Engineer: 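The structure follows.
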Amino acid sequence: MRREIIIAPSLLCADFAHLADEVHALEAAGCEWLHFDCMDGHFTDQVTYGHIVAQALRGLTDRFFDCHLMFTNPEKHLDFFAEAGADGISVHYEVTDDAAGLLERIRRLGCKASLAVNPDTPIARVEPLLEHCDIVMIMGVFPGYAGQSFIPESTQRISELRGMIDAGGYETLIEFDGGVNADTAAGVIRAGADVLVSGSFLFKHPGGYAGAVEFLRDVAAAVG
Ligand code: DX5
Ligand code: ZN
């Protein structure tokens with residue numbers, strides 16, 4: 001039987017004029033994690049925000065701060081994020097020749113180490129790194145924007161990773177980021193995702209944040 005899913009709303013879709021209210025509302029809706037989409041304007045087109053937003057919100061909640069670093073030079077920023085109160089830090093496989101070293105640095109900083117994998121990076125590349133990963137984050141879209149269409153091959157990529165993790169007896173969580181919605185959530189959960197990032201689906205849900213959370217939990221229960 002699959003574990004309970006963890007829901008990680010992407011603050012990229014929040015109202016930045018009222019971030020504190022957003023955090024309280026997401027907490028009240030039962031979201032376990034808060035996902036920070038940090039973009040540098042090099043790895044991605046746009047620049048979003050860095051550790052100072054996590055730092056500003058840290059005093060408001062004890063929810064898990066899941067910091068997704070879409071940076072070409074994440075090594076320069078790990079200490080800042082750890083000091084800001086990050087619980088987990090994701091670095092991209094595509095930006096480094098020493099993913100294992102980066103992931104172990106994240107662990108030494110007291111954070112969960114997460115490896116993010118773009119849609120065109122073969123999942124097989126992750127296998128030798130699994131011992132260094134508390135989390136592997138499979139991207140369902142190319143990093144850069146919320147609200148993009150789910151890349152259908154993503155489901156198969158989750159299954160492939162699920163197989164590797166289970167066969168190796170690892171505790172690594174599978175996080176899925178990008179394109180989660182009413183049509184795609186069941187396939188993503190069935191394939192083996194433990195953590196669902198949700199941006200546009202959750203923030204624009206007609207039933208509010210609680211409605212979106214309830215929907216995703218119902219889907220998970222139906223998948224079993
Ligand atoms: C993509 C980001 C995602 C994205 C999620 O660059 O890493 O976290 O904002 O948004 P949706 O759920 O709308 O795809
Ligand atoms: Zn993200």
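Remember, it's 1-based here, ligands and their atoms both numbered in the order they're listed. Just so you know, residue 1 is the first one in the sequence shown, and it goes up from there. All figures in this text were calculated on a predicted structure; none of them were measured in a lab.
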Engineer: So, Gln46 side chain and Met39 main chain: donor-acceptor pair closer than 3.5 Å or not?
Structural biologist: no

Engineer: If every non-hydrogen atom of Ile7 is compared with every non-hydrogen atom of Pro9, which pair is closest and at what distance?
Structural biologist: O-CD, 3.5 Å

Engineer: Going by the atom numbers of ligand 1, which of them fall below 4.0 Å from some non-hydrogen atom of Ser200?
Structural biologist: 11 (P), 12 (O), 13 (O)

Engineer: Over all heavy atoms of both residues, which pair between Phe43 and Pro143 is shortest? Give the atoms and the distance, please.
Structural biologist: CE2-CG, 3.9 Å

Engineer: Geometry only, no angles: is Met39 polar-contacting ligand 1 at N/O separations under 3.5 Å?
Structural biologist: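 No - when backbone and side-chain N and O of Met39 are compared with those of ligand 1, no distance drops under 3.5 Å.
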
Engineer: Look at the rings of Phe203 and Tyr209 and say which category their plane angle falls in: under 30° parallel, 30 to 60° tilted, over 60° perpendicular.
Structural biologist: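 Phe203 vs Tyr209 ring planes: perpendicular.
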
Engineer: For the residue pair Thr48 and Asp37, what are the closest heavy atoms and their distance?
Structural biologist: OG1-O, 2.7 Å

Engineer: Any N or O on Phe201 sitting closer than 3.5 Å to an N or O of ligand 1?
Structural biologist: no

Engineer: Work out which heavy atom in Ala186 is nearest to a heavy atom in Val223; give both atom names and the distance.
Structural biologist: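 Closest approach of Ala186 to Val223: O-CG2, 3.9 Å.
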
Engineer: Counting only heavy atoms, tell me which of Ala116, Ala146, Pro143 gets closest to atom 10 (O) of ligand 1.
Structural biologist: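 Looking at heavy atoms only, the winner is Ala146.
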
Engineer: I'd like to know if the side chain of Arg58 reaches the main chain of Thr61, judged simply by a donor and an acceptor atom lying under 3.5 Å from each other, with no hydrogens or angles considered.
Structural biologist: yes

Engineer: As an exercise, identify every atom of ligand 1 less than 4.0 angstrom from a heavy atom of Met139.
Structural biologist: 7 (O)

Engineer: For ligand 1, which atoms sit closer than 4.0 Å to a heavy atom of Leu12?
Structural biologist: 9 (O)

Engineer: Under 4.0 Å from a heavy atom of Met70: which atoms of ligand 1 are those, numbered in the order shown and with their elements?
Structural biologist: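 That gives atoms 6 (O), 7 (O) of ligand 1.
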
Engineer: Geometry only, no angles: is Asp37 polar-contacting ligand 1 at N/O separations under 3.5 Å?
Structural biologist: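 Looking only at distances, the answer is yes, because the N/O contact criterion of under 3.5 Å is met.
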
Engineer: Has ligand 1 got any nitrogen or oxygen that is less than 3.5 angstrom from a nitrogen or oxygen of Gly199?
Structural biologist: yes

Engineer: Counting non-hydrogen protein atoms only, what is the nearest one to atom 14 (O) of ligand 1? Give residue, atom name and distance.
Structural biologist: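 For atom 14 (O) of ligand 1, the nearest protein heavy atom is Gly179 N, 2.9 Å.
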
Engineer: Does any N or O atom in Asp177 lie less than 3.5 angstrom from one in ligand 1, N or O only?
Structural biologist: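 Between Asp177 and ligand 1, an N or O pair is found under 3.5 Å apart.
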
Engineer: Going by the order shown, which atoms of ligand 1 are within less than 4.0 Å of some heavy atom of His35?
Structural biologist: 8 (O)

Engineer: Kindly assign one of parallel, tilted or perpendicular to the pair Phe201 and His205, based on the angle between their ring planes and the thresholds 30° and 60°.
Structural biologist: perpendicular

Engineer: Examine distances only and state if a side-chain atom of Asn118 and a backbone atom of Asp120 form a donor-acceptor pair shorter than 3.5 Å.
Structural biologist: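 Between the backbone of Asp120 and the side chain of Asn118 there is no qualifying donor-acceptor contact (under 3.5 Å).
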
Engineer: Does any N or O in the side chain of Glu175 come within less than 3.5 Å of the main-chain N or O of Val195, such that one atom is a donor and the other an acceptor?
Structural biologist: no

Engineer: Of the protein's non-hydrogen atoms, which lies at the shortest distance from atom 6 (O) of ligand 1, and what is that distance?
Structural biologist: Gly144 N, 2.8 Å

Engineer: Out of the candidates Phe65, Phe81, Phe64, only one should pair with Phe36 under the ring pair (Phe, Tyr, Trp, His ring centres under 6.0 Å) rule; please name it.
Structural biologist: Phe65

Engineer: How long is the span from the SG atom in Cys111 to the CG atom in Leu78, to the nearest 0.5 Å?
Structural biologist: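 Cys111 SG to Leu78 CG: 8.5 Å, rounded to 0.5 Å.
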
Engineer: Under 4.0 Å from a heavy atom of His68: give me the atoms of ligand 1 that qualify, with their elements.
Structural biologist: 7 (O)

Engineer: Within the distance-only criterion (no hydrogens, no angle test), does the side chain of Arg162 pair as donor or acceptor with the backbone N or O of Arg190 below 3.5 angstrom?
Structural biologist: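 Between the backbone of Arg190 and the side chain of Arg162 there is no qualifying donor-acceptor contact (under 3.5 Å).
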
Engineer: Of the side chain and backbone of Ser10, name the one, both, or neither that has a heavy atom under 4.0 Å from an atom of ligand 1.
Structural biologist: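 For Ser10, only side-chain atoms sit under 4.0 Å from ligand 1.
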
Engineer: Nearest protein heavy atom to atom 1 (C) of ligand 1, by residue and atom, and its distance?
Structural biologist: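 For atom 1 (C) of ligand 1, the nearest protein heavy atom is Tyr145 O, 3.6 Å.
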
Engineer: Using the rule side chain to side chain contact (heavy atoms under 4.5 Å, CB included), only one of Asp45, Asp40, Thr44 pairs with His42; which is it?
Structural biologist: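 Only match with His42 under side chain to side chain contact (heavy atoms under 4.5 Å, CB included): Asp40.
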
Engineer: Counting no waters, what protein N/O/S atoms lie under 2.8 Å from the Zn ion (ligand 2)?
Structural biologist: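 His35 NE2, Asp37 OD1, His68 ND1, Asp177 OD2, with waters left out.
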
Engineer: Anything under 30° is parallel, anything over 60° is perpendicular, the rest tilted; go ahead and classify His68 against His92.
Structural biologist: parallel

Engineer: Hey, which atoms in ligand 1 end up nearer than 4.0 Å to a heavy atom of Val197?
Structural biologist: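 Within the 4.0 Å cut-off of Val197, ligand 1 contributes 8 (O).
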
Engineer: What atoms in ligand 1 come closer than 4.0 Å to a heavy atom of Gly178?
Structural biologist: 14 (O)

